[in-house]
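Input: a single structure, listed below in structure tokens.
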Amino acid sequence: MYPTTLTQLSRANPFNAPLFSLQEIEEPKQSLPANGQSRNLAAAAIAEGDSCEFGSRKYLLLCGFGGIISCGTTHAALVPLDLVKCRMQVDPDKYKSIGKGFSLTLKEDGARGLAKGWAPTFIGYSMQGLCKFGFYEMFKIFYSDMLGEENTYLWRTSLYLAASASAEFFADIALAPMEACKVRIQTCPGYANNLRQCAPKMFAEEGVWAFYKGVVPLWMRQIPYTMMKFACFERTVELLYKHVVPKPRAECTKGEQLIVTFTAGYIAGVFCAIVSHPADSVVSVLNKESGSTAVQVLKKLGPKGVWKGLVARIIMIGTLTALQWFIYDSVKVYFRLPRPPPPEMPESLKKKLGLTE
């Protein structure tokens, strides 16, 4: 049996798995499972100690709930750093560094000024977390079923990238209105002090478009960010258990597994910040200036301007991503959700590669 057309096309993917030379061999036809369901990345019946079946409705809903807690709380906790980062992006002449940004904000607005925009941040990123994590788990299972067991293993990184991109597309639509309010509150002194003042004022001045004019730059920022966040995390966890952790995952305690989760999350977060920062700069300026387009803002910022505030964002996103994965995995542990181990090569594929007798 040779690889399918989809597998051959996937070879062009720069994130693909190592290429194998498969041999054409005769294999007995396998009957489908009695329930008619195809095997996916980690599908299994309810295991002992789990509260539900992997991929069930309850599983997906609780994963979405975990996304609400992990994204909403972490983004709200980092509002002061996010506020300084946004001001460095939209007014780099005034806010020349992180330290200068904090000192000027404290001087002009007091300690309460550092919390500006916390409400739209918490609401917006809670909605985003619901869609990001819930839909990611759903799309990962859906695409895995489409590919089949062997191709799912061979092209698992492509699977992570496709599932996370699909989930983030919908997550950003949920995030866009609150993100627009947050940036307007944080970067336009005197415009509005809170969400109750900001949202009606924006609607009265620009209509519904005020809340969604930044959705395309959001996709530009968040989709690459989320693709890196999930794919890098999944593969980093796999590599840590394979090369760093001195014992199999099954022998690790829940606490040890969560430490691996946090470490992999931080590594993924650093790469996330770098690939998504230029678009983040465009979003910050676009939501501050009414009437501007993404192309106009990009030309105005120039090649150097889009990288302003990168250090602050690496610190923020690295910490943020690590905490989000830690909290999300902790929610899974608390609700006793299935937590499949890193994927292993299927036995049928081992036979084709001549790795087993």
Side-chain angles (χ1 to χ4, degrees), residues 71 74-109 111 113-118 120-122 124-125 128 172 175-176 178-189 191 213-226 228-229 265-289 292-324:
C71 291
T74 51
H75 276 278
L78 291 176
V79 161
L81 184 59
D82 183 46
L83 179 143
V84 172
K85 182 266 301 179
C86 287
R87 290 184 173 180
M88 288 174 65
Q89 290 171 328
V90 301
D91 195 355
D93 294 330
K94 181 177 179 180
Y95 302 95
K96 298 181 182 295
S97 65
I98 298 176
K100 188 73 171 176
F102 273 106
S103 63
L104 282 174
T105 301
L106 287 169
K107 182 179 179 180
E108 295 174 354
D109 302 326
L114 291 173
K116 275 190 174 181
W118 74 267
T121 297
F122 178 74
Y125 282 94
Q128 187 212 35
D172 289 342
L175 169 64
M178 292 296 102
E179 178 74 2
C181 291
K182 182 207 75 164
V183 174
R184 193 68 65 93
I185 292 170
Q186 292 180 338
T187 60
C188 297
Y191 184 84
K213 69 177 183 178
V215 72
V216 173
L218 262 182
W219 283 330
M220 293 167 56
R221 180 188 81 183
Q222 290 296 131
I223 290 179
Y225 163 86
T226 301
M228 183 65 71
K229 174 179 180 174
Y266 208 102
I267 293 171
V270 173
F271 289 100
C272 289
I274 294 172
V275 300
S276 62
H277 189 73
D280 182 65
S281 298
V282 173
V283 171
S284 295
V285 177
L286 189 65
N287 283 321
K288 178 192 176 187
E289 299 177 358
S292 298
T293 65
V295 175
Q296 291 172 340
V297 170
L298 195 58
K299 289 180 179 179
K300 177 182 175 181
L301 291 174
K304 292 184 178 180
V306 295
W307 294 105
K308 289 287 185 181
L310 177 61
V311 175
R313 194 157 190 269
I314 285 177
I315 296 171
M316 185 184 84
I317 297 300
T319 306
L320 194 73
T321 306
L323 288 174
Q324 284 178 358

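- In this structure, the ring pair (Phe, Tyr, Trp, His ring centres under 6.0 Å) partners of Trp219, at least two apart in sequence or on a different chain, are Phe169.
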Evaluation steps, side chain to side chain contact (heavy atoms under 4.5 Å, CB included), between Phe122 and Val79: CA-CA 9 Å; Phe122 178 74; Val79 161; over 6 Å; no
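- Side chains of Tyr225 and Thr321 form a contact here, defined as non-hydrogen atoms less than 4.5 Å apart.
- Across Ile185 and Pro120, no two heavy atoms sit closer than the pair CD1-CG, 4.2 Å.
- With a 4.5 Å cut-off on side-chain heavy atoms, Gln128 and Gln222 count as touching.
- Considering CE of Met88 and CD1 of Ile98, their distance stands at 5.5 Å, rounded to 0.5 Å.
- Between Lys182 and Asp82 the shortest side-chain heavy-atom distance falls below 4.5 Å.
- Here the side chains of Ile274 and Ile314 are in contact, with some heavy-atom distance below 4.5 Å.
- Of all non-hydrogen atoms in Thr121 and Ala76, the two that sit nearest each other are CG2-N, 3.9 Å.
- At distances below 3.5 Å, at least one donor-acceptor pair connects side-chain atoms of Gln186 with backbone N or O atoms of Lys116.
- For residues 100-109, the set of pairs meeting the salt bridge (Lys or Arg N to Asp or Glu O under 4.0 Å) definition, not counting sequence neighbours, comprises Arg87-Asp109, Lys94-Glu108.
- Note that CG of Leu104 and OG of Ser97 are 8.5 Å apart. Values are rounded to the nearest 0.5 Å.
- For the pair Thr74 (side chain) and Cys71 (backbone), a donor-acceptor distance under 3.5 Å is present.
- The CG atom of Leu78 lies 11.0 Å from the CD1 atom of Ile315; values are rounded to the nearest 0.5 Å.
- Within the structure, side chain to side chain donor-acceptor pair (under 3.5 Å) pairs that include any residue of residues 301-318 comprise Ser276-Arg313, Asp280-Arg313 (at least two apart or interchain).
- Proximity of Met220 to Val282: side-chain heavy atoms (C-beta onward) are nowhere separated by under 4.5 Å.
- Within 6.0 Å of OH in Tyr266 there are more than 12 heavy atoms belonging to other residues, nucleotides or ligands.
- Between Cys272 and Ile317, the closest heavy-atom pair is CB-CG2, 4.0 Å.
- The minimum heavy-atom distance linking Leu218 with Ala176 is given by the pair CD1-CA, 3.6 Å.
- The two residues Arg221 and Leu175 make their nearest non-hydrogen contact at NH2-CD2, 4.3 Å.
- Residues Val84 and Tyr95 are not in side-chain contact: their nearest non-hydrogen atoms beyond the backbone lie 4.5 Å or more apart.
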Intermediate values then yes/no, salt bridge (Lys or Arg N to Asp or Glu O under 4.0 Å), Glu179 and Arg184: CA-CA 9 Å; Glu179 178 74 2; Arg184 193 68 65 93; over 6 Å; no
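- Rounded to the nearest 0.5 Å, atoms CG (Leu310) and NZ (Lys85) are 11.0 Å apart.
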